[in-house]
Number of protein chains: 2
Amino acid sequence: MVSTLRQVAERAGVSVSVASRSLNGHAKAYRISEATVLRVKAAADQLGFRPSHTARSLRLKKTGLVGVVVPDLANAFFASISRTIALAAEAEGYSVIVADSREQTEHEVRLLHQLEARQVEAFVVCPVGSEDAHLRQIDGRGTPVVLADRTFPDCGLLQVTSQHRRGARQATELLTAKGHRLIGVLQGLPGTLPNDQRLCGHAEALAKVGISMDHSLVAGDNFTEASGYVSAKRLLAERPDLTALFAFSTPNAMGALRAAAEAGRSVPEDLSLVTFDDCPYADLMRVPLSTVCQDVERIGQLAAELALRAVTGSARKKTQCRHDVETRVIVRDSISSVRN
Amino acid sequence: MVSTLRQVAERAGVSVSVASRSLNGHAKAYRISEATVLRVKAAADQLGFRPSHTARSLRLKKTGLVGVVVPDLANAFFASISRTIALAAEAEGYSVIVADSREQTEHEVRLLHQLEARQVEAFVVCPVGSEDAHLRQIDGRGTPVVLADRTFPDCGLLQVTSQHRRGARQATELLTAKGHRLIGVLQGLPGTLPNDQRLCGHAEALAKVGISMDHSLVAGDNFTEASGYVSAKRLLAERPDLTALFAFSTPNAMGALRAAAEAGRSVPEDLSLVTFDDCPYADLMRVPLSTVCQDVERIGQLAAELALRAVTGSARKKTQCRHDVETRVIVRDSISSVRN
DNA sequence: TACCTGGGCACAATCGTTTGTGCAGAGACG
DNA sequence: CGTCTCTGCACAAACGATTGTGCCCAGGTA
């Protein structure tokens, strides 16, 4: 703390209150003379005065902080979301505290409480797991919670997510259009809305070509590379007749690529692959993956807006609390036609 | 703010000071009876009391905040550093505020001041540009600044960076060992220590095989993909006899790959490529790049430690303020022997 | 009884702001 | 000359915690 308002006031020869009002533009309203205002400002400049955000927060009951909790900040998807939120928040004078829940609900809960104690004004959370009680509880206590990416149906919280069902339908259609009928699914975390909606979309696309979904072709328990690898390995071993895989995340797809290589199946010749989400430099990969990618920037932007609106807007409308961002199909080389 | 200490105190039938001391473990030192402590704790529990971090910060002059300023949070390298810092900070009860300077000094300065006003207790900065005056100024005002990745020689600040010179020497040796003698360099931001040290290392490796560095073979002005692309394009056009390129960053290398493709040079057959830094899934790229990769985790970890030590440690030792983290050579397929 | 000691607690200042209110002096007006 | 209305500012109470100090009472001792 270099200098306080009191010092500025003393140097300008006025009281603290006058100094405060002079610097905050409340001069006219409180009949402070132009000359005094100038004196105060000069004093503040000379002292390099920077108001204590802490004191101000205490007095105004406004910390200007947004809490962002993501499962893995090193993951390009979450890093990008965090970045967008940080930029959007900064534009409105807010700062963001990021916390990494390491894909564990236990940590998520702890971090949320920690940030709550810091009186963040709003949360943007990319939740782990399939429990939302703690999130609803926090929202109920007064700090608005915005869910991004992984959302929960009917939980009453503000949500931003992608059009998972439509996206997955499009992805699967890329495969069925090329004649694929036996498609393995490397799913993410079952029970989460993105996962389950994608399963729906997948089933819809299959239904369009007259086949119903075979749940034995669905494997995986998380959005991680490990899950993708293990599931792909198993599926490829159990069902060698599979001609294509649909991975629900980039890590899932990367795991699948490794499993495919080990199984001696080359992509796309012996196995087609389509995925959800994109990754940087995907076009420079050995197998440029066809994908349905999410509009990460837009998700982050929307989430930030919702969070900030929830804070500033006095009337918190709970109506239309869910936003579904459009997905975009990117066709690359990872899909080949089925040979008869 | 659900409930305050005062409410807890009232409910327990004691004064605020007793309540505070009971909850903070100062009971014995202030002769507060066991029974009272229990009453207070019970009251706190019932009310779901969470002390206001803001008030505490004001009183204790300790915000428990660390400011992290990076050029691009969406960049895997910085995302990873941020993550490590966040985890390390959290382990010590600190939280991190991240800010994205968008690769512009102007933003960096603004963000630093903003965070300074928030009374962060320490900074970890991956600076943009080659100016360090503002950083030294802030450090001088009392908030310790730790530089990570891009550091400045002799600036007196705590620094964590990689062994750029040694790393670059190793990288170039990968090329010279395969017979390459005409090596183009796609550099990053000139004037920054990482860049200039890498140039040194490159020169050293060349000297070992008896040739001196040709500065006309060095191009580029930033660590971005655009810089890599443009410089590679130019170098390949001007000097078709180049047999290899050394890119100073992953984005540089990706730009080079695109430029090479456009120039009809395939890697590694017609052009070898080695790079600094790694990227996720690099082994799954079309051209798995040989690289000298930095230990991002360690850099983040060390930076966090230095920052936190600087805060807690009363004696701020300015000695040995620079840490050079080891690099690791990863050989992949992007280098071929020079055919005579 | 007078004195001392120590236990158990309350009071009040403090951190650095913001903001409601009060008070003095100057001029206007009758 | 008294009253009224501005002007221009100072005082002081918050915000929610921490912490130095003071007070009171009980029990032990001389």
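A quick note: this is a predicted structure, and the numbers were derived from the prediction, not measured. Letters go in sequence order (proteins before strands), and every chain restarts at 1.
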[X] [atom1] to [N] [atom2], straight-line distance once rounded to whole Å:
X: L58(A); N: dC15(C); atom1: CG; atom2: C1'; result: 9 Å
X: H26(A); N: dT17(C); atom1: NE2; atom2: P; result: 14 Å
X: R6(B); N: dA14(D); atom1: CZ; atom2: P; result: 9 Å
X: R56(A); N: dA17(D); atom1: CZ; atom2: P; result: 21 Å
X: H53(B); N: dG16(D); atom1: NE2; atom2: P; result: 16 Å
X: R50(B); N: dC15(D); atom1: CZ; atom2: C1'; result: 20 Å
X: N24(A); N: dG16(C); atom1: CG; atom2: P; result: 17 Å
X: R118(B); N: dT17(C); atom1: CZ; atom2: C1'; result: 15 Å

Which donor-acceptor pairs under 3.5 Å do side chains of residues 297-305 of chain B form with protein atoms, sequence neighbours excluded?
residue, atom, partner, partner atom, Å
Q301(B), NE2, E305(B), OE2, 3.2

Fill in the blank from the handout: residues 121-135 of chain B vs side chain to side chain donor-acceptor pair (under 3.5 Å), sequence neighbours excluded, gives K62(B)-E121(B), Y94(B)-E121(B), E108(B)-H134(B), D132(B)-R136(B)
Problem - Per-nucleotide protein contact string for nucleotides 4-13 of chain D (B base, S sugar-phosphate only, - none; heavy atom under 4.0 Å) - result: ---BBBBBBB
Exercise for the section: Assign L5(A) to base, sugar-phosphate, or nothing according to its heavy-atom contacts below 4.0 angstrom with the strands shown. Expected result: base
Practice task
Only pairs at least two apart or in different chains count here, so list each salt bridge (charged side-chain N to carboxylate O under 4.0 Å, His left out) that has a residue in residues 72-93 of chain B.
Solution key: D72(A)-R83(B), R83(A)-D72(B), D100(A)-R83(B), R102(A)-E90(B), R110(A)-E90(B), E92(B)-R309(B)
Handout entry: For L5(B), all residues meeting side chain to side chain contact (heavy atoms under 4.5 Å, CB included), sequence neighbours excluded
Key = V16(B), A19(B), S20(B), L23(B), F49(B)
Exercise for the section: Give a yes/no answer on whether the side chain of K61(B) brings an N or O atom under 4.0 Å of OP1 or OP2 in dG16(C). Expected result: yes
Handout entry: L73(B) to S82(B) - nearest heavy-atom pair and separation
Key = CD1-OG, 3.5 Å
Handout entry: Minimum-distance nucleotide (side-chain atoms of L60(A) versus dA17(D), dG16(C), dT19(C))
Key = dT19(C)
Exercise for the section: Name all residues meeting the salt bridge (charged side-chain N to carboxylate O under 4.0 Å, His left out) criterion together with R150(B); count only those two or more places apart in sequence or in a different chain, and write none if there are none. Expected result: E103(B)
Handout entry: Verdict with reasoning, V8(B) to V40(B), per side chain to side chain contact (heavy atoms under 4.5 Å, CB included)
Key = CA-CA 7 Å; V8(B) 172; V40(B) 171; 4.1 Å; yes
